[in-house]
Amino acid sequence: MAVTITITDAGRAAIVNAENTGTDPVTISEIGLGDGSYTIAPDATATALKAEIKRLTTISGEIVADDTFHVTVKDEGNDVYDVTEFGLYLADGTLFAIYAVTSGNIMQKAAASSVLLAVDIILTTVNATSLTFGDTSFTNPPASTTVPGVTKYADNAQTQTGTADNLAVTPAGLSARTATETRTGLSAAATQAKTDTGTDDTTFVTPKKLAGKIKQATESVLGLLKVSTQAQTDAGTDDTTAVTPKKMRWGFSVSLTQTGYIIFPTWLSGLIIQWGRGSASDKTTVSFPITFPNSVLNISVTEATVSTASASSGGIVPIGYETDTYTNSSFKVRTPDATVFSWNAIGY
């Protein structure tokens, strides 16, 4: 238990003297037990217990904080008594501090029993580090991250809440702290069957199990696909990857004008069709809207109007192109008369 003890005037004077003169901390060497009756808590003027029963030297203490020290008292004798008050005495017999209850007992002792009183004493007006204790060593201070000592086990609820910092967690309590969406904790690894089913919400999936879950998608199996490379898209033979819109359109271009062109995507071999209209006399050069990057496969030229100047040909002007002078960027029209014509070219 933790109690706030009353430091006597004499005890305070001893502390002040030790701190001001640089002497060693004052030593608490005895504890007096009594059964005096109190209606109010004892005050600092006390110099002795009201009704001391016995004094024990089997006292051990340890500083556990700047304002707190832990005291353990042991009595293995056959005495029988009730304790309502106790006092801490310095080596010179000065009553350093006193504590008493106004009702009930602090403890009771029977002849066949031993007393082991462990108490945390809080000092509100002096520094606990100015105190020391005798040579007896059997303290059981409260355990902390820096002080080995006594603690109790956390129950399952306390373990799951995870806020107490003065309790010990047992293996059973730890296993009860399972992980959820809102709480960190323990979780078992999912089996491959649970991973494949995808309905369990209490286990975690390992990379190996996830890899086992991932299937290659086919026409009949739901699964994953890699994205096709442009080379795979163009080749058109791979059946295990997915084509993206970008790769599907790659290389496509169009100009929908009177003199224009259309470039098919690379997966259609980049076929290019170009067209146009013009008027020309013999050997007029016509430039393609775009240059064929590889080759011209075919050029067609037709008259767009019927000429009345050529009766010998029934009003139809013969027209064509020079097959030996065309390039990937142009060709020459051959016609005996000035005329309007249409043309188209195919290449890649």
Side-chain angles (χ1 to χ4, degrees), residues 207 210-348:
L210 182 60
K213 168 70 174 176
I214 298 172
K215 308 294 183 183
Q216 172 69 40
T218 67
E219 290 85 348
S220 58
V221 176
L222 181 66
L224 300 181
L225 287 174
K226 292 195 300 181
V227 174
S228 301
T229 64
Q230 192 62 57
Q232 289 173 318
T233 302
D234 294 346
T237 57
D238 184 84
D239 198 32
T240 61
T241 57
V243 177
T244 64
K246 181 179 179 179
K247 293 190 173 67
M248 177 70 75
R249 185 183 172 86
W250 187 256
F252 176 80
S253 183
V254 64
S255 175
L256 298 178
T257 58
Q258 189 175 60
T259 299
Y261 60 87
I262 180 170
I263 305 175
F264 288 88
T266 55
W267 60 275
L268 290 176
S269 301
L271 184 68
I272 302 173
I273 299 175
Q274 303 194 60
W275 60 87
R277 289 171 61 90
S279 60
S281 57
D282 194 30
K283 294 188 179 181
T284 297
T285 298
V286 176
S287 296
F288 297 127
I290 60 171
T291 298
F292 288 97
N294 296 295
S295 178
V296 179
L297 300 177
N298 185 64
I299 300 174
S300 297
V301 182
T302 59
E303 185 185 12
T305 60
V306 176
S307 172
T308 58
S310 182
S312 62
S313 59
I316 303 300
V317 177
I319 192 170
Y321 70 98
E322 290 185 351
T323 60
D324 58 345
T325 61
Y326 72 88
T327 67
N328 287 356
S329 59
S330 65
F331 65 95
K332 288 183 179 181
V333 175
R334 296 302 307 271
T335 178
D337 301 315
T339 186
V340 177
F341 61 92
S342 297
W343 64 269
N344 62 71
I346 300 175
Y348 65 100

Revision key, fill the gap. Minimal heavy-atom distance between Ser255 and Trp275, with the atoms involved, is O-CZ2, 3.5 Å

Practice item. Hey, could you give me the CD1/CD1 distance between Ile346 and Ile273, rounded to the nearest 0.5 Å? Key: 5.0 Å

Review point. Just by distance, do the side chain of Gln274 and the backbone of Ile290 share a donor-acceptor pair under 3.5 Å?
Key: yes

Revision key, fill the gap. Rounded to the nearest 0.5 Å, the CG atom of Leu271 sits from the CD1 atom of Ile262 at a distance of 9.0 Å

Study note, to complete from the structure: CZ (Phe331) and OG1 (Thr284) are apart, to the nearest 0.5 Å, by 10.0 Å

Check your understanding: Does Met248 reach the side chain of Thr233, with side-chain heavy atoms less than 4.5 Å apart?
Key -> no

Review point. In terms of the angle between their ring planes, are Phe288 and Trp343 parallel, tilted or perpendicular, with boundaries placed at 30° and 60°?
Key: tilted

Practice item. Considering non-hydrogen atoms only, spot the tightest contact between Phe292 and Gly347 and give its length. Key: CE2-N, 3.2 Å

Review point. If we only count heavy atoms from C-beta on, is the Lys283 to Thr335 side-chain gap below 4.5 Å?
Key: no

Revision key, fill the gap. Separation between CZ (Arg334) and CD (Glu322), nearest 0.5 Å, reads 5.0 Å

Exercise for review: Name all residues meeting the side chain to side chain donor-acceptor pair (under 3.5 Å) criterion together with Asp238; count only those two or more places apart in sequence or in a different chain, and write none if there are none.
Suggested key: Thr240, Thr241

Practice item. Quick one: which residue pairs count as a salt bridge (charged side-chain N to carboxylate O under 4.0 Å, His left out) with a foot in residues 240-257, not counting sequence neighbours? Key: none

Point to revise | Step-by-step side-chain contact (heavy atoms from CB on, under 4.5 Å) determination, Gln216 to Val221 | key: CA-CA 7 Å; Gln216 172 69 40; Val221 176; over 6 Å; no

Exercise for review: Mind listing the closest non-hydrogen atom pair of Pro289 and Gly260 along with its distance?
Suggested key: CG-O, 3.8 Å

Practice item. Could you pull out the closest heavy-atom pair between Ile299 and Val296, with the gap in Å? Key: CG1-CG1, 3.7 Å

**Study point:** Heavy-atom closest pair, residues Ile263 and Gly270
**Key:** CG2-O, 4.4 Å

Exercise for review: Mind listing the closest non-hydrogen atom pair of Pro293 and Ile272 along with its distance?
Suggested key: CD-CD1, 3.5 Å

Practice item. Starting at CD1 of Ile319, measure out to CD of Glu303 and round the result to the nearest 0.5 Å. Key: 6.5 Å

Check your understanding: Among pairs that include at least one residue of residues 263-272, which meet side chain to side chain donor-acceptor pair (under 3.5 Å), considering only residues two or more places apart or in two chains?
Key -> Gln230-Thr266, Asp234-Thr266

Practice item. Would you mind reporting whether Pro265 and Phe252 have side-chain heavy atoms less than 4.5 Å apart? Key: yes

